[in-house]
There are 2 protein chains.
Amino acid sequence: MIVATFNANSIRSRIGIILDWLAEQKPDVLCVQETKVQDVDFPVEAFGDCGYEFVFRGQKKYNGVALFSRYPIEDVEFGLDSEPADEPRMITAFVNDVAIVNTYVPQGTSPDSERFQYKLDWFKRLHRYFESHFSPDEAVLWMGDLNVAMDERDVHNAKTVWGSVCYCQESIDAISDVVEWGFEDMFRKFSDEGGQYTFWDYRVRNGVERNAGWRLDYVMATAAMSAKCRRCWVDKEPRMKERPSDHTFLLAEFDD
Amino acid sequence: MIVATFNANSIRSRIGIILDWLAEQKPDVLCVQETKVQDVDFPVEAFGDCGYEFVFRGQKKYNGVALFSRYPIEDVEFGLDSEPADEPRMITAFVNDVAIVNTYVPQGTSPDSERFQYKLDWFKRLHRYFESHFSPDEAVLWMGDLNVAMDERDVHNAKTVWGSVCYCQESIDAISDVVEWGFEDMFRKFSDEGGQYTFWDYRVRNGVERNAGWRLDYVMATAAMSAKCRRCWVDKEPRMKERPSDHTFLLAEFDD
DNA sequence: GGGGGCTATG
DNA sequence: CATAGCCCCC
């Protein structure tokens, strides 16, 4: 089984990229974040013939998640079940008896903002979600844009960006707390490399060329799944150049 | 001498079309309307190597006119000289001793609006402009988007659109009053045909395919110029399909 | 329906 | 820098 994750930054602007990429890579599961479209406007017809089932939950302009699968998508749940009411940032479903938890973690805006506290709380709520819905010995994949670079290998210029909402002690502690519930980072399972990024800020000049990026997207696996994982890699898709996105695809392959 | 007119509906969006078209058709003069760009943002560099001189006057979002010529552009004047202050809708200049008056006549929005009265007044002011600046026995070409269909041959469905701002008695009277100062419609000099349109409303479904258009663009000539006119024709440029515009090119050829 | 412009967001 | 969404206009 091959699973993948991609922050689309508007799924309507990436229909071509996603369709081409699914046709080429043929992953079994694709988690999409930042669809930026309310459900009534989701491009259902565009994805009608691609050979994938899909579920989605979104709003106008911000957030929004989707899950594509070549196999039946079962027991779908949307969002966190704790207070306050969640934004459309999460889909939980089972594919071939593997739990897929696709999350778009809040970015946090700035360290002194309410949104940053919301981010830290969101990780806590997610931790409680895993505690109440799953056991670490089950087959669970937590995937998506987790909006944290966990160490200096995951950011371009660690010293200068230290303290920003996606690379600071509080965010690292918050995500680590969830990881410690029972996850392992599949990319790090196979590589100690730095510079393997999945996000490049549009506002950074020539960021892609200079590889001034961030590793913010993850495939996290419980022990049972980690044991089956054969590889996990970034696909810096060349077609992104046509209509460049700010994120790229991350994939992981598991034995059946 | 070949002259041409084209409502660009944003000259920045039609740079490719205009450059290609100039290179192919090689008119001596091209009048452009609806450039939709203020002078500081006019794409001067894009047109730098095309072999044409050009002058322009525009504003941010609406209106704007430009004049391209293979021969020197002399005695340039912008706009009407009567009150109230004119929008950037007109360039007068001489090319090879022929006066070229490039106008983008106000569309008029709706028959009950102030903009419609502004349109009717604009024709009156233009009439006075011709009276005070020229004599009907001079070589004058009044060209551009005149925003009036003068009879039933000039609109797709005359009975249903009668009464709209571009095809109603008041607009026809207003433009006729200017024509009667001393102009002749070069297209009608050579053809009684209907259905030879220069504009197709984007909002009309499959308007181009169904030829549900309007003839709103004209080359009007004084007697001295009319005597030299050999032909006047619409160029429904095939390349428009790439990034379709809502107007097309109208050309006229004159003996030297 | 397709231009531009403006604003907010990341 | 590149999204969305809203506005105005034709």
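Fair warning: this is a prediction, and the values are worked out from it, not measured in the lab. A, B, ... follow the sequence lines: proteins, then strands. Residue 1 opens every chain.
Contact between the side-chain N/O atoms of A:K60 and the OP1/OP2 oxygens of D:dC6 is found at a separation under 4.0 Å. Side-chain nitrogen and oxygen atoms of A:S10 include at least one within less than 4.0 Å of the OP1 or OP2 phosphate oxygen of D:dA4. Distances shown here put a side-chain N or O of A:T109 below 4.0 Å from the OP1 or OP2 atom of C:dG10. In terms of phosphate contacts, B:R12 brings a side-chain nitrogen or oxygen within less than 4.0 Å of OP1 or OP2 of C:dG5. Between A:S245 and D:dA2 there is no side-chain polar atom (N or O) within less than 4.0 angstrom of OP1 or OP2. The side chain of A:Y202 places no N or O atom within less than 4.0 Å of a non-bridging phosphate oxygen (OP1 or OP2) of C:dG10.
D:dC1 atom P lies 13 Å from atom CZ of A:R210, rounded to whole Å. What separates CG of B:N7 from C1' of C:dG2 is a distance of 13 Å, to the nearest Å. Taking atom NZ of A:K36 as the reference point, atom P of C:dA8 lies 16 Å away to the nearest angstrom. One atom, CG of A:N147, and another, C1' of C:dG10, lie 10 Å apart when rounded to the nearest Å. Between A:Q59 atom CD and D:dG5 atom C1' there is a gap of 13 Å when expressed in whole angstrom units. Rounded to whole Å, the distance from CD1 on B:I17 to P on C:dG2 is 13 Å. Summarising the geometry, the separation between CG on B:N206 and P on C:dG2 is reported as 11 Å, rounded to the nearest angstrom. Note: CZ (A:R115) to C1' (C:dT9) measures 11 Å, nearest angstrom.
For A:S245 and A:R14, the side-chain atoms include at least one donor-acceptor pair closer than 3.5 Å.
Candidate nucleotides D:dC10, C:dG3, D:dG5 were compared by shortest atom distance to the side chain of B:R203, and D:dC10 ranks first. Relative to the side chain of B:R205, the nucleotides D:dC10, C:dG1, C:dG10 differ in distance, and C:dG1 lies closest.
Within 6.0 Å of atom CD in B:E45, 12 or fewer heavy atoms from other residues, nucleotides or ligands are found, so the atom counts as exposed in its surroundings.
Side-chain atoms of B:D154 come within 3.5 Å of backbone atoms of B:D151 as a donor-acceptor pair (strictly under, hydrogens ignored). Under a 3.5 Å cut-off, the side chain of B:S113 and the backbone N or O of B:S110 do form a donor-acceptor pair.
Using cut-offs of 30° and 60° for the angle between ring planes, the B:F68 and B:F42 rings count as tilted.
A:F199 comes within 4.0 angstrom of no nucleic acid atom, judged by non-hydrogen atoms across all strands.
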